[in-house]
A.B. asks: 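First the structure, then my questions, so here it is.
Just so it is clear, the values below take in all heavy atoms, side chains as well, and ignore hydrogens, waters and symmetry mates.
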Amino acid sequence: MERHHSIDAQLRLLAPGKVSDDDKLVEYDALLVDRFLDILQDLHGPLLREFVQECYELSAEYEGDRDEARLGELGARLTGLSPADAIVVASSFSHMLNLANLAEEVQIAHRRRNKLKRARDFADEASAATESDIEETLKRLVSGLGKSRAEVFDALKTQTVDLVFTAHPTQSIRRSLLQKHARIRNCLTQLYAKDITADDKQELDEALQREIQAAFRTDEIRRTQPTPQDEMRAGMSYFHETIWKGVPKFLRRVDTALKNIGIDERLPYNAPLIQFSSWMGGDRDGNPRVTPEVTRDVCLLARMMATNLYFSQIEDLMFELSMWRCNDELRVRADELHRASRKDAKHYIEFWKQISPTEPYRVILGYVRDKLYYTRERSRHLLTSGFSDIPEDSTFTNVEQFLEPLELCYRSLCASGDKTIADGSLLDFLRQVSTFGLSLVKLDIRQESERHTDALDAITTHLGVGSYREWPEQRRQEWLLSELRGRRLLLGDDLPASEEVADVLGTFRVIAELPHDSFGAYIISMATAPSDVLAVELLQRECRVAQPLRVVPLFEKLADLEAAPAAVARLFSIDWYVAKIGGRQEVMIGYSDSGKDAGRLSAAWQLYKAQEELVEVAKRYGVKLTMFHGRGGTVGRGGGPTHLAILSQPPDTVNGSLRVTVQGEVIEHSFGEEHLCFRTLQRFTAATLEHGMHPPVAPKPEWRALMDEMAAVATEEYRSIIFREARFVEYFRSATPETEYGRMNIGSRPSKRKPSGGIESLRAIPWIFAWTQTRFHLPVWLGFGAAFRHAMAKDIRNIQTLREMYNEWPFFRVTLDLLEMVFAKGDPGIAALYDRLLVSHDLKPFGEQLRSNYEETKKLLLQVAGHRDVLEGDPYLKQRLRLRDPYITTLNVCQAYTLKRIRDPSFQVTTPRRPLSKEFADEKRPAELVKLNPASEYAPGLEDTLILTMKGIAAGMQNTG
């Protein structure tokens, strides 16, 4: 085959035709890659550029699992590189994948704008609805489904979506690089604007090259493991960059949408439409680095960030509200404040000299400004030294104090005929205060149930009443309720406590010490019984938590999900507890551990049934239930398109109230840009409203029966291979980079709950991440094939039933469509390469057996869906994956051979050629300039090369954990 001489040409060859008139993906991708290759040549010379292009072309010619020779040729080239050149080549392909992703993002935004414009121009509601546009959803509910405007407005203003940011380590790209990527994306977008001038184009092109080079010259590798505080700062940076201003902008769009369907009333400023919470610095389940001190620091840091954001806006608001007309209430308050400020020298600041009593709004807002200043400074002092001499009465201690003067200004403006002004920046500010409060986000605390058992066992043993750990469930409940109903204090200074028990009690004391609005829920992982919840209630009381946090049991594994409805029913049968919760309960369901425990199909079905049954239990006891969905980014951990995920939930399980985790790289994909933030808020809001007002279809009895059978078969196959097959653990650790995962330093948590444990102790993220790296995705598809075979073998007519389920039942369709997407990203030929290089001879037949299962499962999936090929119904995604493949393939080959060299130092590599890069041509240059990791236990360059391939593949696969 004749080789092409530029990646640009190869990209155009790979593009499967013109998908549509507005498709510019190939053009965007080629522009970014060509700019990068020019930079590569300038920095490292023509030889290295030529080598990168040759590797790309070999990968582009790779024809799948029957093309071993091409992968072997590519491997021979890559193993012949000098250590420094290997690092540069791996880094180059990683950067080209990042650039390809940026080209995709710009193209997706371009297509979305055109699609929505066409939908509005031609009243194509079906087209617009696929993007969960809030206005189109409102119109469809009123015009298409016959809902009254009042019904829609009432549902919307009482609806709550709480997005919970977590520090789960699936974001492999450093924050400094993400910021550079954002600037590249902006340059590319502006370059293709219609009204761009020649001078603008030249300047933007120079800026684009500058940012691409800056990204390439930035070390991709985290050299140290991040602390929980680092993770919190990274997560909170999205509030500074997009969310803080994105929320009021989105709420204005909701107002506009309401007006366009005939509702003149604005959404109330305190409507809880969007809320934000966090686990960063509060999730201590299996993370010894999250201590009570860390939790305290994170809360104070968030409080300082929030007040700083408000403080930066309050002066703008003061200059805007310069009018003198006001109502009597505000006039009296302004006069009082002005007089008080001049009498109290301690709080007299220079700014008050500039405020005239004839500008009453500025007087009120000046008071707010002072309070914010002292609130911020007190938090800063407490964070840095643990002490502040600023008295609490000089600060805002709760959000109601903050809102009161702002509400006064709003009422006065409306009463004075200036409602138009009130509904400007002041309304936006009120909405920000209502959404973010004084804490920016509410921190959830998560801890494993056994840690609470340890603490209570220490208490009961010290009191001489026995061992709490050894008591049966009924006795535990009786003792806990007896103490909760009484007033006896159980904790004293003389309690002998282990380090673990001291940590648990210290966490509750931090909760008691800090303002209540700093916290959200207390999540109990591995919850199984009512005593798990009552234990946390008692510990909160004993540690003098004045306003106890709501306690949320988390049900994760398959057996726990099956038992969850009965456990919650037993909890609701306790009079003390039902009286305490006031008719509201939150329950969290875990997608990660359930999937690792039983496989994707069985976990998805059990999660569906558990939600239905939990809602029925809550109805019986008169309790409103909020489901908290612990989703990950990848399909194996419950990930998927937001609006489809919500609309595929069982009827009556959302009911206007939803909490969901936003993890790892999903945070960047959802909030990394202003338009992404807007789209994310819109999708969650629109889909939640639609689910509540127009629930999805419930499954027919025969569908349920078939799903029950299929799930049982899928679980059996999954567990027989993962947990009972003697060869599996050794195969998994040989055929994937699981043991090397921890070197990436992408999270503060250990990859295992127990360092010495096996697969069952491995966290779900590295479990999924490892299989994603090899393009095999085993945890996602394993079990589906056996389930399909069982259904078809039992009754040939079941193929029609399965197709009916696929076409009519949203849950089943979403489940299979996501599986099909995973198969589109998979490549058993790449997985076979890892086997050939890394797996022992006696384990190779096992790998062949798994790949045969993979192929059969894909064939059966296509048969059920009625498709001839994967993604035949989504040509855009198919094109994007095809353009990305050559970059990923090169990195896969490089990774597999690098792992071979790491694990087998005797492995014979191709005779190393002299350095290709002109930067490293002088062999006397010190090693640190070649960016070799001096602390590595491996041969020079291997660890950095490996980590770069892992990061690059993660960027290419996009949903990694």
A.B. asks: Check the pair Asp835 / Lys844 against salt bridge (charged side-chain N to carboxylate O under 4.0 Å, His left out), numbers first and verdict last.
C.D. replies: CA-CA 7 Å; Asp835 273 22; Lys844 282 182 168 61; over 6 Å; no

A.B. asks: Once the angle between the rings of Phe728 and Phe732 is folded into 0 to 90°, is it parallel (under 30°), tilted (30 to 60°) or perpendicular (over 60°)?
C.D. replies: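 Phe728 vs Phe732 ring planes: parallel.
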
A.B. asks: Check the side chains of Thr890 and Ser59 for a donor-acceptor pair under 3.5 angstrom, ignoring hydrogens and angles.
C.D. replies: yes

A.B. asks: How many angstroms lie between atom CD of Gln585 and atom NZ of Lys624, to the nearest 0.5 angstrom?
C.D. replies: 12.5 Å

A.B. asks: Kindly state each residue pair satisfying salt bridge (Lys or Arg N to Asp or Glu O under 4.0 Å) with at least one member in residues 768-785, sequence neighbours excluded.
C.D. replies: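 Pairs touching residues 768-785 that pass the test: Arg775-Asp885.
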
A.B. asks: Would you say the side chain of Leu881 lies within less than 4.5 Å of the side chain of Leu877, judging by non-hydrogen atoms?
C.D. replies: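 They are in contact (side-chain heavy atoms under 4.5 Å apart), so the answer is yes.
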
A.B. asks: Determine whether a donor-acceptor pair (N or O, by modelled atom type, separation under 3.5 Å) exists between the side chain of Asp597 and the backbone of Lys557.
C.D. replies: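 Not confirmed, Asp597 side chain does not pair with Lys557 backbone.
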
A.B. asks: Has Arg724 got more than 12 heavy atoms of other residues, nucleotides or ligands less than 6.0 Å from its CZ?
C.D. replies: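 Buried by this count: over 12 neighbours within 6.0 Å.
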
A.B. asks: Would Met957 and His777 count as a side chain to side chain contact (heavy atoms under 4.5 Å, CB included) here? Give the steps.
C.D. replies: CA-CA 11 Å; Met957 303 307 288; His777 308 286; 3.4 Å; yes

A.B. asks: Is there a side-chain contact between Val654 and Met627, using heavy atoms and a 4.5 Å cut-off?
C.D. replies: no

A.B. asks: Looking only at heavy atoms, which two atoms of Val552 and Ala521 are closest? And how far apart?
C.D. replies: CG2-CB, 3.7 Å

A.B. asks: Out of curiosity, Leu614 CG to Glu612 CD, how far, rounded to the nearest 0.5 Å?
C.D. replies: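 Taking CG in Leu614 and CD in Glu612, the distance rounds to 10.5 Å.
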
A.B. asks: Can a salt bridge be assigned to the pair Glu556 and Lys596 using a cut-off of 4.0 Å between side-chain N and carboxylate O?
C.D. replies: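 Looking at Lys596 together with Glu556, the answer is no, because their closest N to O distance does not fall below 4.0 Å.
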
A.B. asks: Specify whether Tyr731 and Phe846 have parallel, tilted or perpendicular ring planes, treating 30° as the upper limit for parallel and 60° as the lower limit for perpendicular.
C.D. replies: perpendicular

A.B. asks: With no hydrogens and no angle check, is any side-chain donor or acceptor of Ser670 less than 3.5 Å from a backbone partner on Ile667?
C.D. replies: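 Checked: no pair found.
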
A.B. asks: Which pair of heavy atoms, one from Pro696 and one from Pro810, lies closest together, and at what distance?
C.D. replies: CB-CG, 4.0 Å

A.B. asks: Grab the two heavy atoms, one from Asp560 and one from Phe555, that are nearest each other, plus how far apart they are.
C.D. replies: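 Nearest pair, atom of Asp560 first, then Phe555: O-CD2, 3.8 Å.
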
A.B. asks: In Å and rounded to the nearest 0.5 Å, what is the NE2 to CD1 distance from His629 to Ile589?
C.D. replies: 5.0 Å

A.B. asks: Tell me, which pairs form a side chain to side chain donor-acceptor pair (under 3.5 Å) where one or both residues lie in residues 688-702, sequence neighbours left out?
C.D. replies: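 Checked against side chain to side chain donor-acceptor pair (under 3.5 Å) - neighbours excluded - the pairs reaching residues 688-702 are Arg140-Glu690.
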
A.B. asks: With distance as the sole test, does Arg446 use its side chain to make a donor-acceptor pair with the main-chain N or O of Asp285 at under 3.5 Å?
C.D. replies: no

A.B. asks: Decide yes or no for Phe788 and Glu856: does some side-chain heavy atom of the first lie under 4.5 Å from some side-chain heavy atom of the second?
C.D. replies: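 The answer is no, as the side chains (C-beta and beyond) never meet within the 4.5 Å cut-off.
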
A.B. asks: Does the side chain to side chain contact (heavy atoms under 4.5 Å, CB included) test come out yes or no for Lys609 and Met707, once each step is laid out?
C.D. replies: CA-CA 11 Å; Lys609 292 197 298 180; Met707 275 299 300; over 6 Å; no

A.B. asks: Could you tell me which residues satisfy side chain to side chain donor-acceptor pair (under 3.5 Å) with Thr653, sequence neighbours excluded, listed by chain and number?
C.D. replies: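 Per chain and number, Thr653 pairs via side chain to side chain donor-acceptor pair (under 3.5 Å) with no residue.
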
A.B. asks: Does Tyr897 have any ring-ring contact (aromatic ring centres under 6.0 Å, His included) partners at least two apart in sequence or in another chain, and if so, which?
C.D. replies: none

A.B. asks: Ala598 and Leu558: which non-hydrogen atoms are nearest, and at how many Å?
C.D. replies: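 Where Ala598 meets Leu558 most closely, the heavy atoms are CB-CD2, 3.7 Å.
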
A.B. asks: What residues, two or more places apart in sequence or in another chain, satisfy side chain to side chain donor-acceptor pair (under 3.5 Å) together with Lys794?
C.D. replies: Glu709

A.B. asks: Verify, without hydrogens or angle tests, whether Glu562 (side chain) and Gln606 (backbone) share a donor-acceptor contact under 3.5 angstrom.
C.D. replies: no

A.B. asks: Contact between Leu97 and Leu891 at the side-chain level, heavy atoms closer than 4.5 Å - yes or no?
C.D. replies: yes

A.B. asks: Side-chain contact test, heavy atoms from C-beta onward, threshold under 4.5 Å: evaluate it for Leu850 versus Ile721 and give yes or no.
C.D. replies: yes

A.B. asks: Is there side-chain contact between Arg789 and Glu717, with at least one heavy-atom pair below 4.5 Å?
C.D. replies: yes

A.B. asks: Locate the shortest heavy-atom distance separating Asp842 from Ser840; write the atom from each residue and the value.
C.D. replies: OD1-OG, 2.6 Å

A.B. asks: Under 3.5 Å, is there a donor-acceptor pair between the side chain of Glu738 and the main chain of Trp767?
C.D. replies: no

A.B. asks: Can any side-chain N or O of Gln649 pair as donor or acceptor with the backbone N or O of Ala645 at less than 3.5 Å?
C.D. replies: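 Side chain of Gln649 to backbone of Ala645, a donor-acceptor pair under 3.5 Å: yes, one is there.
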
A.B. asks: What is the distance from atom CE of Met950 to atom OG1 of Thr772, rounded to the nearest 0.5 Å?
C.D. replies: 11.0 Å

A.B. asks: Backbone N or O of Pro886 within a donor-acceptor pair of the Thr889 side chain at under 3.5 Å?
C.D. replies: no

A.B. asks: For a 4.5 angstrom cut-off between non-hydrogen side-chain atoms, does Phe812 reach Leu802?
C.D. replies: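 They are in side-chain contact.
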
A.B. asks: Tell me every residue that passes ring-ring contact (aromatic ring centres under 6.0 Å, His included) with Trp809, counting only those two or more places apart in sequence or in another chain.
C.D. replies: Trp605, Tyr608, Trp703, Phe811

A.B. asks: What residues, two or more places apart in sequence or in another chain, satisfy ring-ring contact (aromatic ring centres under 6.0 Å, His included) together with Phe572?
C.D. replies: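 Checked Phe572 against ring-ring contact (aromatic ring centres under 6.0 Å, His included); matches are Tyr621.
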
A.B. asks: Could you give the distance from CD1 (Ile953) to CG (Asn892), rounded to the nearest 0.5 Å?
C.D. replies: 4.0 Å

A.B. asks: Calculate, to the nearest 0.5 Å, the distance between atoms OG1 and CZ belonging to Thr815 and Arg600 respectively.
C.D. replies: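 With rounding to 0.5 Å, OG1 (Thr815) is 5.5 Å from CZ (Arg600).
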
A.B. asks: Using the rule given for side chain to side chain contact (heavy atoms under 4.5 Å, CB included), can you reason through Leu778 versus Tyr854, listing the C-alpha separation, both sets of side-chain angles and the distance that settles it, and then say yes or no?
C.D. replies: CA-CA 8 Å; Leu778 180 137; Tyr854 173 102; over 6 Å; no

A.B. asks: Consider only side-chain N and O atoms of Tyr62 and Asp827, and report whether a donor and an acceptor are under 3.5 Å apart.
C.D. replies: yes

A.B. asks: List in chain and number order the residues that pass side chain to side chain donor-acceptor pair (under 3.5 Å) with Thr626, two or more places apart in sequence or in another chain; answer none if no residue qualifies.
C.D. replies: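 Result, side chain to side chain donor-acceptor pair (under 3.5 Å) vs Thr626: Ser657.
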
A.B. asks: Applying side chain to side chain contact (heavy atoms under 4.5 Å, CB included) to Phe628 and Leu554, what does each step give before you reach the verdict?
C.D. replies: CA-CA 9 Å; Phe628 183 5; Leu554 164 56; over 6 Å; no

A.B. asks: Taking salt bridge (Lys or Arg N to Asp or Glu O under 4.0 Å) as the definition, give me every residue that meets it alongside Arg727, ordered by chain and number, with sequence neighbours left out.
C.D. replies: Glu725

A.B. asks: Keeping the roles fixed (side chain from Ser602, backbone from Ala711), state whether a donor-acceptor pair exists under 3.5 Å.
C.D. replies: yes

A.B. asks: According to side-chain contact (heavy atoms from CB on, under 4.5 Å), who are the partners of Ser449, at least two apart in sequence or on a separate chain?
C.D. replies: Ile524, Met526, Asp532

A.B. asks: So, do Val864 and Met792 sit near enough that their side-chain heavy atoms are less than 4.5 Å apart?
C.D. replies: yes

A.B. asks: Sequence neighbours left out, what pairs pass salt bridge (Lys or Arg N to Asp or Glu O under 4.0 Å) with at least one residue falling in residues 648-662?
C.D. replies: Asp162-Arg659, Asp444-Arg659, Glu586-Arg659, Lys619-Asp652

A.B. asks: Would you please name every residue forming a side chain to side chain donor-acceptor pair (under 3.5 Å) with Lys858, sequence neighbours left out?
C.D. replies: none

A.B. asks: For Thr774 versus Pro737, what's the shortest heavy-atom pair and its separation?
C.D. replies: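 Closest heavy-atom pair between Thr774 and Pro737: CG2-CD, 4.1 Å.
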
